[in-house]
Amino acid sequence: MKSQAVPFNWAQWTALPESEKVKYLTVEGRVYDVLFSQQFNRALLDHLYVLTNRIRLISKTREGADWLSTLLSTKKAMLYFIQPSTRTFLSFWSACAVLGIRVVDVRSTETSSEVKGESSDDTLRTFSSYFDLLITRHPEQGYAERASFILGKTRRPIPVINAGSGKDQHPTQALLDIFTLRRSFEPTGGLRDKTIMMVGDLRRGRTVRSLCYLLANFEDIRIVFCSPKAYGMGEDIKQFLTRHKVAWSETDRFEASIPDADAIYMTRLQDEHDVAGETHAYDVSQFSFRPEHLKILKPSAVLMHPLPRRTEIDEEVDRDPRAMYWRQVRNGMWTRVALIAHLFGVDRRILDK
Ligand code: NCD
């Protein structure tokens with residue numbers, strides 16, 4: 001957070017509800033840190049949608065791409081990814097390259113001074129001396145928030161983007177998922193009146209949690225949570241949706257639910273979060289999309305997955321035009337370019353170009 005004047009200590013800060021916290025993560029109407037999906041209201045999502053499309057268009061010409069790469073060419077970003085990542089890491093790396101931001105990465109605490117006993121807070125303070133932006137993925141829930149808190153109190157505060165924190169949130173994945181849904185539904189009247197089914201390990205999947213928060217910004221949608229009972233969506237999210245008048249339901253019958261869905265969001269078993277001795281992993285085949293399911297999928301529906309996939313979607317399905325997961329990957333890069341441009345206040349210049 002930007003202000004050194006935030007009047008809280010860490011314990012007081014963490015005790016605040018997220019609806020209070022988000023007020024400190026915006027500076028002069030502009031998002032400063034990206035920690036939670038709840039920071040994004042409909043107006044901001046609309047702005048990012050238009051901005052993302054504009055950036056894609058500008059980058060199609062050599063002159064446009066060159067111009068984009070001058071916008072933030074004096075900035076440097078630290079990609080601190082202490083948890084496995086292929087797409088999100090490369091996506092942020094590429095997004096920074098589009099805007100001319102120079103990037104350094106650290107992908108393991110084994111290669112940092114934390115091995116010598118440096119605290120992770122001091123590591124963060126070091127980042128603030130060299131960089132203008134911290135993008136972080138961490139196995140600990142709440143790490144990005146801690147980073148924002150510590151960096152806000154340094155002499156040189158820098159913004160933080162949460163690229164995945166434990167099993168809690170992954171807000172930039174949710175932004176690219178919303179972008180993909182909106183683009184896919186442009187020919188059929190937008191998100192209004194659509195049924196979005198989320199499938200798999202919903203209890204521990206951070207992408208579905210973050211996506212639910214964003215979907216609450218859209219009217220007349222229905223969410224169907226499809227998982228084995230023991231892997232159902234958390235009560236906190238279900239209560240949030242109810243409070244925001246989003247219709248939701250739960251089922252453990254995947255195949256029977258396919259024909260009603262306008263979007264199906266598949267996820268994998270998140271077994272890296274198993275606690276010692278946990279053995280009740282479910283029969284993934286019951287929650288997998290097979291080639292024969294294409295016949296019962298609506299012609300206008302889309303099939304999504306944050307990736308990485310295991311066996312939840314058969315590779316044969318990739319060729320179907322309704323398979324959107326590789327397009328999600330590409331959309332992710334553009335969405336992140338738009339987000340970073342907004343953070344640094346060059347979004348107006350892009351829209352005026
Ligand atoms: C997801 C994640 O890391 O949460 N991957 C991603 O960023 N696209 C999904 C997952 O790992 O299952």
Side-chain angles (χ1 to χ4, degrees), residues 34-37 40 52 79-96 105 107-108 135-145 160-181 196-215 225-228 231-234 237 263-274 278 281-282 284 287-289 302-315 318 323-337 339-340:
V34 180
L35 305 184
F36 321 112
S37 285
F40 296 88
T52 305
L79 288 179
Y80 189 60
F81 272 55
I82 306 301
Q83 198 190 22
S85 175
T86 304
R87 266 155 298 273
T88 307
F89 176 82
L90 294 175
S91 174
F92 271 113
W93 192 97
S94 311
C96 286
D105 64 90
R107 303 208 55 180
S108 155
I135 304 168
T136 177
R137 165 171 287 202
H138 206 280
E140 262 170 49
Q141 186 167 330
Y143 176 82
E145 203 175 327
V160 178
I161 299 179
N162 177 5
S165 50
K167 47 186 188 304
D168 183 34
Q169 283 243 14
H170 192 351
T172 64
Q173 176 72 40
L175 287 175
L176 79 89
D177 292 337
I178 282 286
F179 179 86
T180 306
L181 286 167
I196 293 130
M197 173 155 74
M198 301 181 180
V199 187
D201 186 347
L202 307 180
R203 176 162 62 91
R204 303 178 296 183
R206 55 193 174 191
T207 63
V208 279
R209 293 175 56 78
S210 286
L211 183 55
C212 283
Y213 285 122
L214 290 195
L215 284 171
F225 296 123
C226 180
S227 69
Y231 292 82
M233 180 52 84
I237 297 286
I264 302 185
Y265 192 101
M266 305 296 294
T267 68
R268 69 177 171 90
L269 178 67
Q270 306 279 318
D271 46 8
E272 69 269 38
H273 297 297
D274 281 356
E278 188 165 352
Y282 56 89
V284 173
F287 296 87
S288 296
F289 195 98
V302 289
L303 184 63
M304 296 170 65
H305 195 305
L307 303 175
R309 74 174 148 189
R310 291 179 184 168
T311 53
E312 310 81 45
I313 303 182
D314 192 293
E315 277 187 33
D318 293 9
M324 282 295 150
Y325 25 99
W326 294 109
R327 246 184 273 174
Q328 274 169 273
V329 176
R330 185 80 181 155
N331 289 344
M333 180 184 77
W334 297 121
T335 307
R336 288 170 174 125
V337 175
L339 181 67
I340 295 170

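Side chains are part of it too, since the values below use all heavy atoms of this structure and drop only hydrogens, waters and symmetry mates. Position 1 is the first residue of the sequence; numbering continues from there. Just follow the structure's listing: the first ligand is 1, and inside any ligand the first atom is 1.
Residues of the protein with a heavy atom under 4.0 Å from ligand 1 are Thr88, Arg137, His170, Gln173, Arg206, Thr207, Arg268, Gln270, Pro306, Leu307, Pro308, listed by chain and number.
Other residues, nucleotides and ligands contribute only 12 or fewer heavy atoms inside 6.0 Å of the CZ atom of Arg327.
Residues passing the side chain to side chain contact (heavy atoms under 4.5 Å, CB included) test with Asp314 are Pro291, Glu316, Val317, sequence neighbours excluded. Listed by chain and residue number, Ser165 satisfy the side chain to side chain donor-acceptor pair (under 3.5 Å) test with Asn162 (two or more places apart in sequence, or in another chain). Remark: Gln270 pairs with Asp201, Arg204, Arg268, Glu272, His273 by the side chain to side chain contact (heavy atoms under 4.5 Å, CB included) rule, at least two apart or across chains.
The nearest pair of heavy atoms linking His170 to Gly164 is ND1-N, 4.0 Å.
Checked against a 6.0 Å centroid threshold, the rings of Tyr282 and Tyr231 count as neighbours.
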